[in-house]
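Presented below is the structure to which this report refers.
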Amino acid sequence: MLKKLRSGQAFYVRQLIKAQNNFDNSAYANCFADTAAVFDKANTYKGKTEIKNWINRAIKEYQAVMKPIAYSATETPWKLKFQEGFPEV
């Protein structure tokens, strides 16, 4: 899947996966723009600070690793889907 991305997009997706799988909430939040939003099943987290706090709680609770299953760069904003248990970002 990641091989089909444009090089700049692939870089950010790989950085996001690396940060999640290393349980690094700061690096994870730094993969997002200041105006980014993350949607999980119940909430929306806006901006790097909220995203960092959210992923920090998720890391402590689940310690899950990220496995991407779908990606779309044709839509704005980009959409990245993960195996069950992860939000669409």
Restricting to ring-ring contact (aromatic ring centres under 6.0 Å, His included), what partner residues turn up for F23, sequence neighbours left out?
none

Please tell me whether W54 and N43 have a donor and an acceptor in their side chains that are separated by less than 3.5 angstrom.
no

So the salt bridge (Lys or Arg N to Asp or Glu O under 4.0 Å) pairs with at least one residue in residues 55-65 (sequence neighbours excluded) are none

Only counting residues at least two apart or in another chain, list the ones meeting salt bridge (charged side-chain N to carboxylate O under 4.0 Å, His left out) with K52.
none

Do N30 and Y28 have side-chain N/O donor and acceptor atoms under 3.5 Å apart?
no

Closest contact, heavy atoms only, I59 versus N25:
CD1-N, 4.0 Å

Set of side-chain hydrogen bond (donor to acceptor under 3.5 Å, both in side chains) partners for N53, sequence neighbours left out:
none

Kindly state each residue pair satisfying salt bridge (Lys or Arg N to Asp or Glu O under 4.0 Å) with at least one member in residues 24-35, sequence neighbours excluded.
D34-K48

With rounding to the nearest 0.5 angstrom, report the CD1 to OG distance, I55 to S26.
11.5 Å

Verify, without hydrogens or angle tests, whether Q20 (side chain) and L16 (backbone) share a donor-acceptor contact under 3.5 angstrom.
no

What's the separation between atom CZ in R14 and atom SG in C31, rounded to the nearest 0.5 Å?
13.0 Å

